[in-house]
Novice: 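I'd like to ask some things about the structure below.
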Amino acid sequence: MPACAVAASFSHPVAAVEDLREQPLAVRLLSEDWVLWRDAHGTPHAAPDRCPHRGTRLSLGRVCQGELQCPYHGWRFAADGRCTQVPAVPGFVPPATHGLNTVALTPAHGLLWLRPDGGEPHLPAFPAEADHRLHKLNTVAYDVATSAPRIIENFLDMAHFSFVHEGWLGDAQHTEVPAYDVQVSAQHGVHATGCQAWQPQSNVAASGGAWVAYDYAVPAPGAAVLSKQPQGQQDWRESIALFICPVDEERSRVWFRLAVPPGAAADDELRAFQHTIFTQDQPVLESQQPRRLPLTDTVAREVHSSADRSSAAYRRYLRLISLQFGTC
Ligand code: FES
Ligand code: CO
């Protein structure tokens with residue numbers, strides 16, 4: 001399967017559920033423009049953001065009785081993509097060729113997921129979602145000027161805590177990354193277990209430094225999940241998912257979904273903590289060159305240390321499934 005077809009066979013998050021209201025919404029995924037809208041039942045749909053008549057952006061139009069209406073000549077499209085009306089020719093029954101290729105949008109984890117090839121939803125696993133003892137919330141979306149894989153690697157990387165997040169997730173006296181185990185397969189992605197980090201302020205509810213046990217999973221090329229458990233803070237366990245929309249090969253839109261014990265902190269405090277951490281990462285991420293991971297022999301390879309086993313495994317996973325977030 002070509003690399004772009006691999007990317008198109010996964011579901012990708014394109015918007016927060018609450019961002020899609022009564023008017024169409026434009027999103028960009030894998031270098032393609034899409035329009036999202038809700039039909040008369042509130043069910044979300046997506047189609048290429050280009051009118052089959054004269055190429056106008058449909059997202060500039062509006063939704064009328066659940067149908068998408070082009071802003072230029074008012075052609076209307078039903079949820080299944082059928083063109084239902086050509087206002088300039090009222091008696092005309094538009095043939096199938098005048099319609100849109102719609103795809104379903106799947107709501108999950110507070111986001112709307114789009115699978116570009118129109119196949120069955122192919123969503124990343126986030127086990128904490130089903131844990132009713134944990135409260136879930138999403139951060140705002142972050143637009144980041146780099147590729148999705150760079151952001152996944154940063155999320156898996158424990159060696160940067162003492163430098164990028166000093167005083168929060170890391171400390172100058174504890175720079176060493178103790179050994180950990182990593183497994184990788186094309187089917188299940190990456191799983192790193194037995195990770196440990198000494199953290200001055202590992203979460204919003206922590207009252208001091210602690211060793212924190214980490215577990216990381218990469219269930220899909222653009223998704224990663226961490227679970228952390230600080231020693232001595234037995235009432236706190238949290239799981240954080242990173243969900244990325246690969247806008248194109250060098251730009252991404254990022255959401256974090258937090259699953260935490262209820263009542264431990266207000267949602268705004270939890271979001272503010274995550275915002276502090278990610279805005280420490282963002283300038284470093286956007287400085288990395290090249291923005292795409294150097295996975296092939298035609299570009300200079302990067303060198304690794306033994307602390308980089310997770311990111312090395314992630315690169316192996318991308319090679320195993322032959323994935324690039326390129327243009328089809
Ligand atoms: Fe869309 Fe003419 S361009 S109706
Ligand atoms: Co970081």
Side-chain angles (χ1 to χ4, degrees), residues 24 26 33-35 37 47-64 67-78 81-90 92-95 97-102 139 142 144 146 148-172 174-175 177 192 195 197-204 212 214 216 218 224-226 228 238 240-244 252 254-256 258 271-288 307-308 310-311 314:
D33 293 311
W34 294 83
V35 56
W37 82 99
D49 194 6
R50 184 180 177 280
C51 182
H53 180 217
R54 288 293 179 268
T56 306
R57 286 192 74 145
L58 293 163
S59 55
L60 297 175
R62 56 189 186 140
V63 178
C64 303
E67 294 187 342
L68 182 61
Q69 183 171 48
C70 178
Y72 199 0
H73 310 100
W75 289 25
R76 278 165 68 152
F77 303 92
R82 207 165 27 92
C83 179
T84 60
Q85 234 185 73
V86 174
V89 193
F92 177 60
V93 178
T97 48
H98 287 40
L100 304 174
N101 292 319
T102 54
T139 63
Y142 293 92
V144 188
T146 196
R150 286 288 194 196
I151 303 168
I152 296 286
E153 285 200 351
N154 168 260
F155 192 76
L156 301 177
D157 183 301
M158 304 186 81
H160 78 289
F161 288 169
S162 302
F163 299 92
V164 178
H165 306 299
E166 190 180 7
W168 295 77
L169 305 183
D171 169 276
H174 294 85
T175 57
V177 176
C195 312
W198 196 93
Q199 302 198 320
Q201 172 78 38
S202 73
N203 59 62
V204 74
V212 181
Y214 269 77
Y216 289 102
V218 181
V225 175
L226 74 78
K228 36 196 288 197
E238 70 180 316
I240 301 176
L242 161 67
F243 295 131
I244 306 178
S252 303
V254 169
W255 290 268
F256 294 95
L258 315 177
R271 289 194 184 97
F273 185 89
Q274 194 62 26
H275 180 80
T276 299
I277 300 300
F278 190 64
T279 50
Q280 291 169 344
D281 285 314
Q282 190 165 359
V284 176
L285 274 168
E286 293 183 338
S287 79
Q288 284 177 284
D308 302 320
S310 288
S311 70
Y314 175 62

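Whatever order the structure lists them in is the order used to number ligands and atoms, beginning at 1.
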Novice: List-wise, which protein N, O or S atoms are found short of 2.8 Å from atom 2 (Fe) of ligand 1?
Specialist: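 Less than 2.8 Å away from atom 2 (Fe) of ligand 1 sit His53 ND1, His73 ND1.
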Novice: Testing Thr139, Thr279, Val204 for side chain to side chain contact (heavy atoms under 4.5 Å, CB included) with Gln274, which one passes?
Specialist: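 With Gln274 as partner, side chain to side chain contact (heavy atoms under 4.5 Å, CB included) holds for just one option, Thr139.
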Novice: For the CZ atom of Phe256 and the CZ atom of Arg271, what is their distance to the nearest 0.5 Å?
Specialist: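 Here the interatomic distance stands at 13.5 Å.
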Novice: With Arg62, which residues qualify under salt bridge (Lys or Arg N to Asp or Glu O under 4.0 Å), at least two apart?
Specialist: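 None.
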Novice: To the nearest 0.5 angstrom, please state how far the CD atom of Gln282 sits from the CD1 atom of Ile151.
Specialist: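 Those atoms lie 8.0 Å apart.
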Novice: Taking atom types as modelled and ignoring hydrogens, do the side chains of His165 and His160 form a donor-acceptor contact shorter than 3.5 angstrom?
Specialist: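 Yes, a side-chain donor-acceptor pair sits under 3.5 Å.
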Novice: For residues Thr146 and Gln288, is any side-chain donor paired with an opposing acceptor at under 3.5 Å?
Specialist: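 The criterion, which ignores hydrogens and geometry beyond distance, is not satisfied for Gln288 and Thr146.
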Novice: In this structure, are over 12 heavy atoms from other groups packed under 6.0 Å from Tyr72 atom OH?
Specialist: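 12 or below, so no.
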Novice: Anything protein N/O/S under 2.8 Å from the Co ion (ligand 2)? Just list residue and atom, please.
Specialist: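 Short answer, with waters excluded from the count: His160 NE2, His165 NE2, Asp281 OD1, Asp281 OD2.
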Novice: Quick check: does any side chain N or O of Gln201 sit under 3.5 Å from a backbone N or O of Trp168, one acting as donor and the other as acceptor?
Specialist: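 No; zero donor-acceptor contacts below 3.5 Å.
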Novice: Taking only residues two or more places apart in sequence, or in another chain, which ones meet Arg150 in a salt bridge (Lys or Arg N to Asp or Glu O under 4.0 Å)?
Specialist: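 Listed in chain order: Glu302.
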